[in-house]
Amino acid sequence: MAAAIEQKTLFTLPIAPSGSQPGGHLTCSTPLLPSSSSSTEPSSPSKIYILTLASPPDNRLTDTLCTALLLALDIIEFRYPPGVVITTSSLPKFFSNGLDLQSALSSPTFLPTKLYALFRRYLTYPMPTIALLNGHAFAGGLMLAMHMDYRVMNAHRGFACVNELDFGVPLKAAMSAIFRAKCVPQTYRRLVLEAHRFGGEEAKEAGVVDLTGGLDETLGFVAERKLTDKCKSGIYGLLKGEMYREMVEGYLSCEGHEREEERVRRVGEEEGRRREVGEKRVAGVVSKL
């Protein structure tokens, strides 16, 4: 069995209780890597920052959890050397079980100012970002992971799933767009229209994640791709902003959210009229049979 990777805690932030969720904390740590090939040399901090969520029972994306993640990303960007950010969970069963729907739907500002702000921050973050999915990533939890640059998934525990179909909540444009951008159409269809649960190996084959494994494999991936060097030129975030401009300037902005809400309202009204006309037409035909 491989030895546990030694880590140094850099800071810890509270996740305050929110609605039915009890809260918890977020810890930022950095793995300590040998300074040289000599085992007598002391270990030194890397430019790898591991954000670990601990908000039982399942790391719901509440307003306070989003706020803590946003603050952590700011602290790393403005207080530490640029490198790579890995986001994971200390809960053995869950990376994140998505939104606390009752709380999220009761606040008109939660989506544009908290959730979408977090999606946008990860999508344009000026360093490589990796989601380490140690357990289930359902609905909003998988959406959060998809807004990061890379995903690593436990091969033996947990599913990646967009299960809005099962509980009757239509996907918002800002939520659906990331799957269109990062998944092939066949995978997008299975995620959204079948609510298929992808295990680790299947998620890798479908392109939902980049590899399977845990922290060891993730750190190996960072070293292999030389990811800690990618933000040296200072344009990493700008490149991502251009790659995903449709979402950054549209769906994930407050203005884009307002436009989409108005569009959805009109679509709902049109659907109501369509059904009313259709029911009357069918009733007239059936009465003559």
Inset, instruction - Return the set of residues passing salt bridge (charged side-chain N to carboxylate O under 4.0 Å, His left out) with Arg265 (not counting sequence neighbours), or none when no residue passes. - result: Glu262, Glu269
Inset, instruction - Compare all side-chain heavy atoms of Ile48 with those of Val222 and state whether any distance is below 4.5 angstrom. - result: yes
Only distances under 3.5 Å count here; give the side-chain donor-acceptor pairs of residues 17-25 to other protein atoms, sequence neighbours excluded, each with its distance to 0.1 Å.
unit_1 : atom_1 : unit_2 : atom_2 : d
Ser18  : OG     : Asp63  : OD1    : 2.6
Ser20  : OG     : Asp100 : OD2    : 3.3

Legend entry - Residues that Thr113 engages under side-chain hydrogen bond (donor to acceptor under 3.5 Å, both in side chains), provided they are two or more places apart: none
Legend entry - Rounded distance [0.5 Å steps], OG1 in Thr88 versus CZ in Phe95: 6.5 Å
Legend entry - hydrophobic_cluster_shared for Leu165 and Ile178, side chain cutoff 4.5 Å: no
Legend entry - side-chain hydrogen bond (donor to acceptor under 3.5 Å, both in side chains) against Glu258, all qualifying residues, sequence neighbours excluded: none
Legend entry - Nearest-0.5 Å distance, CD of residue Glu201 to CG of residue Leu211: 9.5 Å
Inset, instruction - State, to 0.1 Å, how close Leu26 and Ala72 come at their nearest heavy-atom pair, and which atoms those are. - result: CD2-CB, 3.9 Å
Legend entry - Salt-bridge present (Glu279, Arg275; N to O < 4.0 Å): yes
Inset, instruction - Verify the cluster assignment for Phe94 and Leu144: are they in a single hydrophobic cluster under the rule of side-chain heavy atoms below 4.5 Å apart? - result: no
Inset, instruction - Taking all heavy atoms of Met146 and all of Val208, pick out the closest pair and write down the distance. - result: SD-O, 4.0 Å
Inset, instruction - For Leu13 and Ala68, work out which heavy atoms get closest and say how close. - result: CD1-O, 3.5 Å
Legend entry - Common cluster, Ile5/Leu132, ILVMFWY with side-chain heavy-atom separation under 4.5 Å: yes
Inset, instruction - Drop me the distance from Leu133's CG to Leu142's CG, to the nearest 0.5 angstrom. - result: 7.5 Å
Inset, instruction - May I have the step-by-step check of side chain to side chain contact (heavy atoms under 4.5 Å, CB included) for Gln7 and Leu215, ending in yes or no? - result: CA-CA 12 Å; Gln7 298 184 44; Leu215 183 57; 3.6 Å; yes
Legend entry - Heavy-atom closest pair, residues Ser253 and Gly256: OG-N, 2.9 Å
Legend entry - Pro126 side chain reached by Cys231 side chain, heavy atoms, under 4.5 Å: no
Legend entry - Test item: Thr27 and Thr9 side chains (from C-beta on) under 4.5 Å apart, heavy atoms: yes
Inset, instruction - Decide if atom CZ of Arg273 counts as having more than 12 heavy atoms of other residues, nucleotides or ligands within a radius under 6.0 Å. - result: yes
Legend entry - Non-hydrogen side-chain atoms of Cys28 and Ile50 separated by less than 4.5 Å: no
Legend entry - Test item: Thr129 and Thr87 side chains (from C-beta on) under 4.5 Å apart, heavy atoms: no
Inset, instruction - Starting from the C-alpha separation in whole Å, work towards a yes-or-no answer on side chain to side chain contact (heavy atoms under 4.5 Å, CB included) for Ile76 and Met127. - result: CA-CA 10 Å; Ile76 292 170; Met127 306 177 200; 3.9 Å; yes
Legend entry - Other ILVMFWY residues reachable from Phe138 by side-chain steps of under 4.5 Å: Phe159
Inset, instruction - Begin from the C-alpha positions of Glu270 and Arg274 and carry the test salt bridge (charged side-chain N to carboxylate O under 4.0 Å, His left out) through to its verdict. - result: CA-CA 6 Å; Glu270 292 169 2; Arg274 185 193 69 82; over 6 Å; no
Inset, instruction - Write out all pairs satisfying salt bridge (charged side-chain N to carboxylate O under 4.0 Å, His left out) with one or both partners inside residues 118-143, taking only residues at least two apart or from two chains. - result: Asp74-Arg121, Glu77-Arg121
Legend entry - Taking every non-hydrogen atom, the tightest pair across Ser89 and Asn134: CB-OD1, 3.3 Å
Inset, instruction - Output, in order, the C-alpha distance, side-chain angles, deciding distance and verdict of side chain to side chain contact (heavy atoms under 4.5 Å, CB included) for Met175 and Leu99. - result: CA-CA 12 Å; Met175 300 174 177; Leu99 305 184; 4.3 Å; yes
Inset, instruction - State whether the side chain of Tyr125 and the backbone N or O of Leu73 hold a donor-acceptor pair below 3.5 Å, judged by distance alone. - result: yes
Legend entry - Joint hydrophobic cluster, Leu238 plus Leu123, side-chain heavy atoms closer than 4.5 Å: no
Inset, instruction - Please check if the side chain of Asn59 supplies one atom and the backbone of Ser96 the other of a donor-acceptor pair under 3.5 Å. - result: no
Inset, instruction - Evaluate the criterion side chain to side chain donor-acceptor pair (under 3.5 Å) for residue pair Tyr80 and Thr30; output intermediate values, then yes/no. - result: CA-CA 11 Å; Tyr80 293 95; Thr30 185; over 6 Å; no
Inset, instruction - Can you tell me which residue pairs pass the salt bridge (charged side-chain N to carboxylate O under 4.0 Å, His left out) test with a partner in residues 147-161, sequence neighbours excluded? - result: Asp149-Lys240
Inset, instruction - Identify the heavy atoms of Leu91 and Pro57 that sit nearest to each other, and give their distance. - result: CD1-O, 3.6 Å
Legend entry - Candidate pair Asp229 and Lys232, rule salt bridge (charged side-chain N to carboxylate O under 4.0 Å, His left out), full reasoning: CA-CA 6 Å; Asp229 296 334; Lys232 284 183 176 180; 3.5 Å; yes
Inset, instruction - Check the hydrophobic clustering (I, L, V, M, F, W, Y; side-chain heavy atoms under 4.5 Å; chains of links allowed) and say if Met247 and Val264 are grouped together. - result: no
Legend entry - Thr218 side chain near Tyr150 side chain, heavy-atom distance below 4.5 Å: no
Legend entry - salt_bridge(Arg259, Glu255) N-O dist < 4.0 Å: no
Legend entry - Separation between CZ of Arg225 and CD1 of Ile130, rounded to the nearest 0.5 Å: 9.5 Å
Inset, instruction - May I have all residue pairs that pass side chain to side chain donor-acceptor pair (under 3.5 Å) and include part of residues 64-73, sequence neighbours excluded? - result: Thr62-Thr64, Thr67-Lys114
Inset, instruction - Please identify each residue that fulfils side-chain hydrogen bond (donor to acceptor under 3.5 Å, both in side chains) with Glu194, with sequence neighbours left out. - result: Arg190
Legend entry - Donor-acceptor under 3.5 Å (Thr187 side chain, Ala206 main chain): yes
Inset, instruction - Report the distance from atom OH of Tyr122 to atom CG of Leu118, rounding to the nearest 0.5 Å. - result: 6.0 Å
Legend entry - Interatomic distance, Ile15 atom CD1 to Leu71 atom CG [nearest 0.5 angstrom]: 11.0 Å
Inset, instruction - Not counting sequence neighbours, which residues clear side-chain hydrogen bond (donor to acceptor under 3.5 Å, both in side chains) with Arg245? List them please. - result: Glu242
Legend entry - Donor-acceptor contact below 3.5 Å, side chain Ser176 vs main chain Ala173: no
Legend entry - Tyr49 side chain near Leu10 side chain, heavy-atom distance below 4.5 Å: yes
Legend entry - Those residues that, when tested against Asp58, pass salt bridge (charged side-chain N to carboxylate O under 4.0 Å, His left out) (two or more places apart): Arg60
Inset, instruction - Answer yes if the ring centres of Tyr116 and His257 are under 6.0 angstrom apart, and no otherwise. - result: yes
Inset, instruction - Only pairs at least two apart or in different chains count here, so list each side chain to side chain donor-acceptor pair (under 3.5 Å) that has a residue in residues 161-172. - result: Lys172-Glu261
